[in-house]
Amino acid sequence: MLNVKECEHTLEMCTDETSAIPCTGEVHPRPPQIAIRGLTKIYPMADGDVVALDSIDLSIDKGDIYGIIGMSGAGKSTLIRCLNRLDTPTAGQVLVDGQDVLTMPAPQLRAMRRRMAMIFQQFNLLSQKTVARNVRYPLEIAGVPRKQADEKVRQLLAVVGLSDKAKAYPGQLSGGQKQRVAIARALASDPTMLLCDEATSALDPMTTQSILELLQQINRELGITVVLITHEMAVIRQICNKVAILDGGQLAEQGSVDDVFLHTKSQAGRRLFGILPEETEPQPSAPALRIVFDGQAAGQPVISRVSRETGVDVNILSANIRPLNGKAYGQMLIARPEAEAERTVLMEQLRRYGLTVEEVLPNGL
Amino acid sequence: MAFDKLWPLLLQGAADTVYMTLWASLFSYALGLPLGVLLVVTRRGHILPAPTFNTVLGWAINFLRSIPFIILLAMLFPITRAVMGRAIGTRAIIFPLIVSAFPYIARMVEGSLDEIDHGVLEAAQSMGSTNWQIIRKVLLPEAVPSLINGAAISVTTILAYTAMASAAGGGGLGALAITKGYQQQNMEILYASSLALVLLVQLITVSGTRFTKWFDHRKK
């Protein structure tokens, strides 16, 4: 096994897949598709500077659905707008496919923007053009021949389920339909990345759901990397594989959604997840068993099954279980069976289902 | 005055007025439209920020706009003669009309383009558009209803200015009302030509409103 120093030393070589030294764990096999390094944005104000972003470091890999979450004013909108240089940061680097976005000349920037499409909270469609003309816009500016462009528009409208609205104007569509047009338009330039700036925040829950499913489908079927910013935890939970939490312009924490959700470290994270301090460590008034669900098993059916299989009655004292990507996370407190034998058989059976079980004693005992 | 004598005068006057208004409007837009675009896009935070240029241009336009037309007309006599061949007459007056109207139209266009939501421009930028593509394919097309509405107002203003053509020996309904009507105390001509002017203005305003609605797809 390599020690830490050696591993750091060989890090550059690890990008080579044929490298003789096996590298596992946190090391990326390839450089990230989007690398944000020390990104800082300061707005000079009359009464002192406002730091919107404070040396942010993030790596977004190809195929990720990367969620950036934070309260309003956390700087997430500024962050995503720096990725395609709609906003210019004060300091730092944004590397897209290894190229520095902030120093590239205008023609190269335009070419990069075609690979990195964007959708917006307010949709930003051309109100005086039909749905089909809106979707055709990126093809028009790229000089794609008319016939070829029209065929592509037809396919894209089919992908987003709006083939019958080609001749409609945005003013005649619902919010969800408008965002679908915006997504079709974003896909027209065959991008490899899609930025979503609060793309579902102006939509009702049902519509949000369908748009998120569409984004997931795009990510899965077209392999497009999705970067989305949101203030809603539900959005992160439903489709993201990685998450970064922004708080007051600083990166509070980042990692895989499973990790950050299970082991929330930052105050900002706890606030966003809605975990109150007393909820994280429930204290029973009598001896109890704590069962931790970490995505290995489903929720309720396991408990009743274990109860049936062991013949031990289970008395649930409290439960705080959340679904995440179709799995159950959280913990449950059940009353500790009085008899030693019942206790042992119950704990063994629960562990057999992949659950972590521990005894908890009330304070002072 | 008999109707058969009044009628040809009115027709000739209307024809001259339309002639002056049309050409003056056309050339004023040829100058005012690009200037209006420049006034908007060179603002701080817009697609082609150039704050110093914007300030200078704005100042120059305000300067031209603040000179009353009747004075401009007199001031421009030498230049008008050089450009149009002669300083007076129906055709010659088109030149001072253009000089007077294009700064006004530039401001009018600026107001129309200002209404366009900045988010739409950002979306166009995020798709990799050049500035020229944004102006031609987003900024101007999105502003079409408002531009038409503004055009109706601008053309009406130019039409009102043509009434001062009599001061430079020009024709038109305005000159008819003043020279043959007011100065010769012929009330029939005065009122008839004024009424004709009112009808022309109504025609422009009503068709302006119609076209604005026709071209607006925002709420349909």
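The sequence lines fix the lettering, A, B, ..., with proteins before strands; numbering per chain opens at 1.
Residue A/Leu126 comes nearest to B/Val120 through the heavy atom pair CD2-CG1, 3.5 Å, listed as atom of the first residue, atom of the second, then distance. Of all non-hydrogen atoms in B/Pro141 and A/Gln128, the two that sit nearest each other are O-CG, 3.6 Å. Pairing each heavy atom of A/Asn124 with each of B/Gly119, the nearest pair is ND2-O, 2.9 Å. For the residue pair B/Met127 and A/Arg114, the shortest heavy atom distance occurs at O-CG, 3.5 Å. When all heavy atoms of B/Ala123 and A/Arg185 are compared, the pair lying nearest together is CB-NH2, 3.6 Å. Among all heavy-atom pairs drawn from A/Tyr137 and B/Val138, the shortest one is OH-CG2, 3.6 Å.
Taking CG of A/Leu86 as the reference point, atom CG of B/Leu121 lies at 11.0 Å (rounded to 0.5 Å). From B/Glu122, atom CD reaches atom CD of A/Gln122 across 12.5 Å, with rounding to the nearest 0.5 Å. Separating the CZ atom in A/Arg110 from the CD atom in B/Gln133 is a distance of 7.5 Å, to the nearest 0.5 Å.
For A/Arg81, the part lying near chain B is the side chain, with the backbone staying farther off; criterion is any non-hydrogen pair under 4.5 Å. Proximity to chain B is absent for every atom of A/Met112, based on heavy atoms less than 4.5 angstrom apart. There is no contact between A/Ile119 and chain B, counting heavy-atom distances below 4.5 Å.
Atom CZ of B/Arg136 sits in a crowded spot, with more than 12 heavy atoms from other residues, nucleotides or ligands closer than 6.0 Å. Counting non-hydrogen atoms of other residues, nucleotides and ligands closer than 6.0 Å to OH of B/Tyr191 gives a total of 12 or fewer. Sparse packing is recorded around CZ of B/Phe27, with 12 or fewer heavy atoms of other residues, nucleotides or ligands lying under 6.0 Å away. More than 12 heavy atoms of other shown residues, nucleotides or ligands fall within 6.0 angstrom of atom CZ in A/Arg115.
Side chain of A/Asn84 to main chain of B/Ser126: no donor-acceptor pair is present (N/O by atom type, distance under 3.5 Å, no hydrogens or angles). For the pair B/Glu142 (side chain) and A/Ser127 (backbone), a donor-acceptor distance under 3.5 Å is present.
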